[in-house]
There are 2 protein chains.
Amino acid sequence: MKKTDIETQNLTKHCNEDLILAVLQDGDKHGYQLALEIEEKSGHYFRFNHGTLYPILHKLEKDGKIKGSWLKDDSKRKRKQYSLTAKGRKYLERQVAAWKEFFDRFIGIMEEIE
Amino acid sequence: MKKTDIETQNLTKHCNEDLILAVLQDGDKHGYQLALEIEEKSGHYFRFNHGTLYPILHKLEKDGKIKGSWLKDDSKRKRKQYSLTAKGRKYLERQVAAWKEFFDRFIGIMEEIE
DNA sequence: CGTATTATATAGATGGTCGATATATAGAGA
DNA sequence: TCTCTATATATCGACCATCTATATAATACG
């Protein structure tokens, strides 16, 4: 169970982290925007409450998977813009493969194929 | 996020519960056997430690999704055999569909399709 | 006869999520 | 102008699920 970053443990955590990284693929975004976009893109299926969102962002930044910088547009309200790092991008690639393997094995058992 | 029993929250919990229910589809089993079978069927991908396994079994029984009965074979050591109830079977069917929806939406965002 | 395996069970520690709360700015409407 | 809502970030305490460790006991094997 240590083959990938996805474990039967902490699925939710990895799911949340990976969704955030994925949405950062097509451009830098700030936290609030990330949450809205994930909700919209998934047809309101996935939803972040901000009590969960911000600690995850801080963790991802600490891990070096994203990089945040405060915007000082004067005109705008304070925002922290996040961008995917090279490390985060590579990690995300591996995760997509890992999630697919997870689901193949999971559905394999759920549907009694074999 | 309340549409199905699968939520972005508690994914692991649902995953664990559903794997157990799934393996009970093809016959009654006891706890220890269930864990071994899930591990084997998944090529050692999924693994239960018994500190997690037994509380889940008790919960599923309390929920009425499985039914346990102690075997008193005399010859055998004490075992609690579990069988899937009608309620559990219906629940499992719904969950397979729910997991597929979950994964479709999830991979949709992960791969930036749309 | 002792050790490993089978088998079930619980307790304490850990850690992640949820809901509530705090703070502050921008824009809409009265 | 004043208030309410939406935007935007952040933290804290309560809750709950999992993990590790521990307890118990019977059977199989050497």
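Letters go in sequence order (proteins before strands), and every chain restarts at 1.
- Between B:Gln33 and B:His30, the side chains place a donor N or O and an acceptor N or O closer than 3.5 Å (distance only, hydrogens not considered).
- Only B:Asn16, listed by number, bring a heavy atom of residues 15-26 of chain B to less than 4.0 angstrom from any atom of DNA chain D.
- When rounded to the nearest whole Å, the span between CG of B:Leu71 and C1' of C:dT8 equals 13 Å.
- The CG-P distance, from A:Asn10 to D:dC16, rounds to 18 Å in whole Å.
- Comment: A:Glu93 does not engage A:Arg89 in a salt bridge, judged by the lack of any side-chain N to carboxylate O separation of less than 4.0 angstrom.
- Regarding contacts with the backbone of C:dT10, a side-chain N or O of B:His58 is found under 4.0 angstrom from either OP1 or OP2.
- Remark: B:Tyr32 is in phosphate contact with C:dT6, judged by side-chain N or O atoms under 4.0 Å from OP1 or OP2.
- Ring pair B:Phe103/A:Phe103 is parallel by interplanar angle, where below 30° counts as parallel and above 60° as perpendicular.
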**Message:** salt bridge (charged side-chain N to carboxylate O under 4.0 Å, His left out), that's the test. Do A:Asp63 and A:Lys59 meet it? Break it down for me.
**Reply:** CA-CA 6 Å; A:Asp63 294 346; A:Lys59 188 191 171 288; 2.8 Å; yes

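- The interatomic distance linking A:Ile56 (CD1) with D:dT11 (P) rounds to 14 Å, in whole Å.
- Applying the 4.0 Å criterion to OP1 and OP2 of D:dA17, one finds that B:Lys13 has a side-chain N or O inside that range.
- Counting any heavy atom pair closer than 4.0 Å across all strands shown, A:Gly31 reaches sugar-phosphate atoms only and no base atom.
- C:dA9 atom P lies 13 Å from atom CG of B:Leu60, rounded to whole Å.
- If you measure from atom CD of A:Glu39 to atom C1' of D:dA8, you get 16 Å, rounded to the nearest angstrom.
- Using cut-offs of 30° and 60° for the angle between ring planes, the A:Tyr54 and A:His50 rings count as tilted.
- Rounding to whole angstrom units, NZ of residue B:Lys80 and C1' of D:dT24 are separated by 17 Å.
- For B:His50, taking side-chain heavy atoms from C-beta onward, the closest of the listed nucleotides D:dT9, D:dT18, D:dA21 is D:dA21.
- Here A:Asn49 does not reach the OP1 or OP2 of C:dT17: none of its side-chain N or O atoms lies under 4.0 Å away.
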**Message:** Could you go through B:Lys80 and B:Glu61, starting from their C-alpha distance and side-chain angles, then the distance that decides it, and tell me whether this counts as salt bridge (charged side-chain N to carboxylate O under 4.0 Å, His left out)?
**Reply:** CA-CA 12 Å; B:Lys80 200 170 183 183; B:Glu61 192 173 13; 3.2 Å; yes

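- Across the protein-nucleic acid pair, A:Phe46 atom CZ and C:dT17 atom C1' stand 16 Å apart, rounded to whole Å.
- By the 4.0 Å N-to-carboxylate-O rule, A:Glu111 lies close enough to B:Lys100 to be salt-bridged with it.
- For A:Arg79, taking side-chain heavy atoms from C-beta onward, the closest of the listed nucleotides C:dT17, D:dT9, C:dT8 is D:dT9.
- The nucleotide whose nearest atom lies closest to any side-chain atom of A:Tyr54 is, among C:dT17, C:dA9, D:dA8, D:dA8.
- Separating the CG atom of A:Leu57 from the P atom of D:dA8 is a distance of 14 Å, rounded to the nearest angstrom.
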